[in-house]
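Okay, so here's the structure we're looking at.
These numbers come from a predicted model, not from an experiment. Naming: A, B, ... by sequence-line order, numbering from 1 per chain. Atoms considered below: every heavy atom in the structure, side chains included; atoms not considered: hydrogens, waters and symmetry mates.
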Number of protein chains: 2
Amino acid sequence: MVSIKDIASAAKVSISTVSYALNGSDRITKETADRIQSIADELGYVPNRAARMLKKRETMLVGVFLTDFSGHFYGDLLFGLKEELNRRDYDLIVCSGRRSHRMIPERAFDGAIILDATFADEELLGYADRGHKLVVLDRELEHANVNQVLLDNKAGATLAVEHLLGQGLSRICAVGGPESAYDARQRMRAVRQSVERMPEASLEELPGAFDKASGYAAGPRIAEAAREGPVGVFCLNDEMAIGLCDYVRTQTSLQIGRDVHVIGYDNIELAQYMQPRLATIDYSKRKWGALAAEQLLKMIEGRPVEQERIYVRLVEGESVGQASL
Amino acid sequence: MVSIKDIASAAKVSISTVSYALNGSDRITKETADRIQSIADELGYVPNRAARMLKKRETMLVGVFLTDFSGHFYGDLLFGLKEELNRRDYDLIVCSGRRSHRMIPERAFDGAIILDATFADEELLGYADRGHKLVVLDRELEHANVNQVLLDNKAGATLAVEHLLGQGLSRICAVGGPESAYDARQRMRAVRQSVERMPEASLEELPGAFDKASGYAAGPRIAEAAREGPVGVFCLNDEMAIGLCDYVRTQTSLQIGRDVHVIGYDNIELAQYMQPRLATIDYSKRKWGALAAEQLLKMIEGRPVEQERIYVRLVEGESVGQASL
DNA sequence: ACTATCCGTAGAAACGTTTCGATAAACCGT
DNA sequence: ACGGTTTATCGAAACGTTTCTACGGATAGT
């Protein structure tokens, strides 16, 4: 592999001159710089990333950690992240799995973005203590080296429940997320508050784990409830809503949007292709990513960071209809 | 940041002893090794990745390059890749975008897996010439440092067309992919061959770009054709099939599975949620990833690599029905 | 013409590891 | 008790950069 040394001897200058020339320092005259540059090109020189990282103590890399690679909104989120990072000359690296956690303390990146339930809070705080910059997207953490971009879960869940209530549905079921999920806890809390505000409304909470299977599993109980009249179901994310619709369609003779009214959360791509179209809560995943990137870069560069929040909107769908009285 | 030196002075041994001890060399007695280990733990030592990379000239990292992060089957593919790599102590890093290409010559990984149209063949061959190990998933390249895991596109496309023909459909439309896509070229070639084998069958080729919009765009022409009797449409991937169904459903009074029979390719998750369910060609994306990882590791370790191929199967769906005669 | 200033380049140390070869102490058999 | 062998540890070089400081020669000012 051709190194800076090879260029130095080919150009009959010292390696420091080569380094300065290639990095565009004004210590070197334009002529020598050009000469060195063309020799470098000719030899096909590419700087060694590891050496540069070691010496400069910076990587120009940001790591994003995901629980898995199959999330339905990762595409947009990562797009937003990457755009923003690239504008500032950083590269994005996506990681998943416990094994890769170690890359943070190994200083493989200048900062990391976390949307990964396999990190415990204490683990993240430990990294922050050691000086690593983090932006967390799936929890709230109080630390000088940690910031977050919050989804407005409260507003979203309130919107969802009020949409159901607004259709004349007073019997509400909510299918929850894993206890460990911050988003799930926040959404469920808002659900309770919204229902409590309506004296005539009732709420039943069903357990769930943010996956299709838990939506499906909630099916029997919901079908039972629906026998006594229309029921409005808020699944705390779209995947569960889809699982529930699956159950209702294949295992019961109930009709979605008439007997069982379903609304989800996240507006994943699938939602718009469901028949009937799934009502859901939407927010800009790109913006979420872009803000996360912006915050992280500010931290890395030592600029002040302001708290950001992503707003939500209701997407209507035929999975929620007017309650027939 | 605590380094091997700090441990050395804390333990009153040389840095080489620390290095040997921490790496489990048998040059060091168990007692000192344990002592050093516990001091390292106490100080919270984590090795510096850059330094190790530089010295060892290996990274234990594999990069996978994707055109974007939104592909519908990336989740499974990456899962297969990651599992296999982790079993062998390698970490996976996902990259996208032209900017990140440079990580290959910069020796940021021990090898790379390419499923990314933004790489030109010549670019990849250039890296291979410089000794970088590659596995390509979206093309075929002849080079000692390049291997591929091939999808059986020919078999899949043949299966799809024969399924349509088998339902009594003799007027076939095929919605193609970008000219630059290897998969698209292979599939289309097989389509032509299959249709030609049936003297009474006719084929019309429509342009496409593997995205939903091109499926939608093919809609008018297909609707026109369907006015003269049922037509079988093979969209070279599921996304286009979904776009086409969208058009037919919203812009025409034709019925899918009766007037227009649609089959896709890839069996993305969405396919099973379409109404009617989309017929498609399925193959194991996990296995695809696992084989790619296995090949790359063999190359890195200098073991012989055998050519692999992923097999396909037909998934029936109501989007293709019996042609009413 | 002589010192002071500046400018372009060179030398060398450092970043944090790994690993080869050297060294000194302990062991063994005779 | 002695040379020879083994054993545990150490010293130093190297990986490929960056960057501080030093240096020598040219230019400029008086």
Side-chain angles (χ1 to χ4, degrees), chain A residues 1-37 39-40 43-61 102-110 130-132, chain B residues 1-37 39-40 43-61 102-110 130-132:
Chain A
M1 285 285 94
V2 25
S3 85
I4 218 175
K5 260 185 208 157
D6 305 311
I7 303 177
S9 52
K12 303 204 182 310
V13 295
S14 73
I15 60 164
S16 54
T17 303
V18 176
S19 176
Y20 285 126
L22 260 28
N23 290 302
S25 160
D26 51 7
R27 302 176 70 150
I28 306 294
T29 39
K30 178 129 181 26
E31 297 90 66
T32 34
D34 287 349
R35 193 168 58 86
I36 290 173
Q37 184 59 255
I39 293 180
L43 296 180
Y45 169 74
V46 178
N48 181 308
R49 188 169 209 114
R52 195 202 291 260
M53 278 184 179
L54 176 59
K55 182 62 200 182
K56 295 201 71 171
R57 298 152 148 284
E58 73 175 17
T59 63
M60 297 307 278
L61 247 34
R102 57 175 177 181
M103 300 186 90
I104 296 177
E106 284 174 353
R107 279 149 287 175
F109 328 106
D110 294 344
R130 301 161 123 262
H132 301 284
Chain B
M1 284 284 94
V2 26
S3 84
I4 218 175
K5 259 186 209 156
D6 305 310
I7 303 176
S9 51
K12 304 207 181 307
V13 295
S14 73
I15 60 163
S16 52
T17 304
V18 176
S19 176
Y20 285 127
L22 260 28
N23 289 302
S25 160
D26 50 7
R27 300 178 70 150
I28 306 295
T29 38
K30 178 128 179 27
E31 297 91 66
T32 34
D34 287 349
R35 193 169 59 87
I36 290 174
Q37 184 59 253
I39 293 180
L43 296 180
Y45 170 74
V46 178
N48 181 309
R49 189 168 208 116
R52 194 203 291 262
M53 278 184 178
L54 176 59
K55 182 64 201 183
K56 296 201 72 171
R57 297 153 149 284
E58 72 175 17
T59 64
M60 297 306 276
L61 247 33
R102 57 175 176 182
M103 301 187 89
I104 296 177
E106 285 174 352
R107 279 150 287 173
F109 329 105
D110 294 343
R130 301 160 123 263
H132 301 285

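Of all nucleotides listed (D:dT18, D:dG16, C:dT17), C:dT17 comes nearest to the side chain of B:Ser3. Listed candidates were C:dT9, C:dC15, D:dT19. Nearest to the side chain of A:Arg57 is C:dC15. Taking every side-chain heavy atom of A:Ser14 into account, C:dA10 is the closest of C:dT17, C:dA10, C:dT19. Checked against D:dG16, D:dT18, C:dT9, the side chain of A:Thr17 finds its nearest nucleotide in C:dT9. With D:dC15, C:dT17, D:dT17 as the candidates, the nucleotide lying closest to the side chain of B:Ile15 is C:dT17.
Counting any heavy atom pair closer than 4.0 Å across all strands shown, B:Ser19 reaches a base atom. When heavy atoms are screened at a 4.0 angstrom cut-off, B:Ser16 is found touching base atoms of the nucleic acid. Contacts of B:Arg27 with the nucleic acid, taken as non-hydrogen atoms under 4.0 Å apart, include base atoms.
Minimum interatomic distance between B:Leu22 and B:Ala40 (heavy atoms only, all atoms of both residues): CD1-CB, 4.2 Å. Counting all heavy atoms, side chain and backbone alike, B:Arg35 lies closest to B:Ala11 at NH1-O, 3.2 Å.
Residue B:Arg35 contributes atom CZ, which lies 13 Å from atom C1' of D:dA8 at whole-angstrom precision. As rounded to whole Å, 15 Å separates atom P of C:dT17 from atom NZ of A:Lys55. Regarding A:Asp26, its CG atom lies at a distance of 12 Å from the P atom of C:dT9, rounded to whole Å. The distance between atom NZ of B:Lys5 and atom P of C:dT18, rounded to the nearest whole Å, is 14 Å. Atom NZ in A:Lys56 sits roughly 18 Å away from atom C1' in C:dG16 (whole-Å rounding). The CE-C1' distance, from A:Met60 to D:dT18, rounds to 15 Å in whole Å. In this entry the distance linking NZ of B:Lys12 with C1' of D:dT9 reads 16 Å, nearest Å. Look at OH on A:Tyr45: it is 6 Å from P on D:dT18, rounded to the nearest Å.
The side-chain heavy atoms of A:Leu61 and A:Met53, taken from C-beta on, include a pair separated by under 4.5 Å.
For B:Asp6 (side chain) and B:Ser3 (main-chain N/O), a donor-acceptor pair under 3.5 Å exists by modelled atom type. The backbone N or O of B:Thr59 sits less than 3.5 Å from a side-chain atom of B:Asp110, completing a donor-acceptor pair.
When each of B:Val46 and B:Tyr20 is assigned the nucleotide of DNA chain C bearing its nearest heavy atom, the one mapping closer to the 5' terminus is B:Val46. Positionally, the nearest nucleotide of DNA chain D for B:Ala33 lies more toward the 5' end than for the other of B:Leu54 and B:Ala33. For the pair B:Thr32 and A:Asn48, both in contact range of DNA chain D, the more 5′-proximal nearest nucleotide belongs to B:Thr32.
Proximity of B:Thr29 to the phosphate of D:dT7: no side-chain N or O atom is located under 4.0 Å from OP1 or OP2.
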